[in-house]
Amino acid sequence: MANTERKRRYDNSGRRLQAVRTRRRILDAAIELVGRPGGALVVNEVARRAEVALPTVYKHFRTRAALLAAIKERVDQTAARPPVSRSPAELRASVSDLHAFFKAREGVIRAIVHNPDLTPLRDAAFRARDAGMQSALATITKHLSREEEAAVRALLVRIMAAPAWLALQDEHRLPADVITRMTGWAVGALLDRLEADARRST
């Protein structure tokens, strides 16, 4: 009797798995949408891109705000960058890893760069990168004024940042290997000059 009852129990694991997949597809579509320049989070368009009915979107995300919160959560989970460089040598070597990271998470990176709703996350990433840059450059920027040192940091952060990578890719249509090589060259040239000036000042 007990075995018969167990057999009669409905196994809804397939339905749960399908719900998880649908939710992920909706979220992916939303990230792709907000990752375009000027892309706004329009729920009808999310449904179209995810190839689901509009009520299905609202079944998983009751409001537009809930969908935006889920995007932010996904960005937080997947946008952790490679470790911040701790020295000029690490900084030189980090460009190719950083660009590979951008490419692997391009949808999320585009969303962070282009969507105003994600500005706080972008600003936090810049602040963290700036603080790390200050530590990495400490030994070769002692001879600079505070303003000069801040300018050098800001230049390096922006040269290496995702907005520059996307602009070179989208606006200038440059191949990925050229972007990485020239970014590495620019970073290296600036570090070479800083190191040479630091040696002369001692």
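Please read these numbers as outputs of a predicted model, since none were measured by experiment. Residue numbers start at 1 and run along the sequence shown.
Considering only heavy atoms from C-beta on, F101 stays 4.5 Å or farther from S94 through its side chain. Under the 4.5 Å side-chain criterion, counting only non-hydrogen atoms from C-beta, D192 is in contact with R92. With contacts defined as side-chain heavy-atom distances shorter than 4.5 Å, the pair H114/L166 qualifies. Here the side chains of N115 and I71 are not in contact, with every heavy-atom distance at 4.5 Å or above.
A salt bridge does not link R127 to D130: none of the charged side-chain nitrogens sits closer than 4.0 Å to a carboxylate oxygen.
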Next item on the list: Begin from the C-alpha positions of D28 and R74 and carry the test side-chain contact (heavy atoms from CB on, under 4.5 Å) through to its verdict.
Entry: CA-CA 10 Å; D28 288 344; R74 167 79 72 82; 2.9 Å; yes

Note to self: Using side-chain contact (heavy atoms from CB on, under 4.5 Å), reason through M160 and L91 one step at a time and then give a plain yes or no.
What the structure shows: CA-CA 10 Å; M160 298 175 70; L91 199 55; 4.0 Å; yes

Margin query: Run R129 and L156 through side-chain contact (heavy atoms from CB on, under 4.5 Å) and show every step you take.
Written below: CA-CA 10 Å; R129 192 61 42 177; L156 282 169; over 6 Å; no

Margin query: Walk me through whether W165 and V113 qualify under side-chain contact (heavy atoms from CB on, under 4.5 Å).
Written below: CA-CA 11 Å; W165 178 78; V113 169; over 6 Å; no

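Under the side-chain hydrogen bond (donor to acceptor under 3.5 Å, both in side chains) criterion, the residue pairs touching residues 45-57 are E32-R49, E45-R48, E45-R49, with sequence neighbours excluded.
The heavy-atom pair separating V57 from V52 by the smallest distance is CG2-CG2, 3.8 Å. Residues I159 and A186 approach most closely at CG2-CB, 4.4 Å, considering heavy atoms.
Within the model, atoms OG1 of T119 and CZ of F126 stand 11.0 Å from one another, a figure rounded to the nearest 0.5 Å. R110 contributes atom CZ, which lies 5.5 Å from atom CD of Q169 (distance to the nearest 0.5 angstrom). Taking CG of L41 as the start and CD1 of I31 as the end, the distance is 10.5 Å to the nearest 0.5 Å. Between E106 atom CD and K103 atom NZ the span is 4.0 Å, to the nearest 0.5 Å. The OG atom of S96 sits 12.5 Å away from the CZ atom of R181 when rounded to the nearest 0.5 Å. Atom CD1 of I179 and atom CE of M182 lie 11.0 Å apart (nearest 0.5 Å).
Side chain of R64 to backbone of V43: no donor-acceptor contact under 3.5 angstrom is found. Listed for the R173 side chain is a donor-acceptor partner under 3.5 Å among the backbone atoms of D170. Side-chain atoms of S201 come within 3.5 Å of backbone N or O of A198 as a donor-acceptor pair.
Applying the 6.0 Å contact sphere to CZ of R193 captures no more than 12 heavy atoms from other residues, nucleotides or ligands.
Remark: of the listed residues L68, L67, V46, L67 is the sole one forming a side chain to side chain contact (heavy atoms under 4.5 Å, CB included) with F61.
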Below 3.5 Å, can you tabulate the donor-acceptor pairs from side chains in residues 134-147 to any protein atom, sequence neighbours excluded?
{"from": "T141", "atom 1": "OG1", "to": "L137", "atom 2": "O", "distance (Å)": "2.9"}
{"from": "S145", "atom 1": "OG", "to": "E148", "atom 2": "N", "distance (Å)": "3.1"}
{"from": "S145", "atom 1": "OG", "to": "E148", "atom 2": "OE1", "distance (Å)": "3.4"}

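Under the salt bridge (charged side-chain N to carboxylate O under 4.0 Å, His left out) criterion, R23 pairs with no residue at all, not counting sequence neighbours.
In the hydrophobic clustering of ILVMFWY residues, with side-chain heavy atoms under 4.5 Å counting as a link, L33 and L54 come out together.
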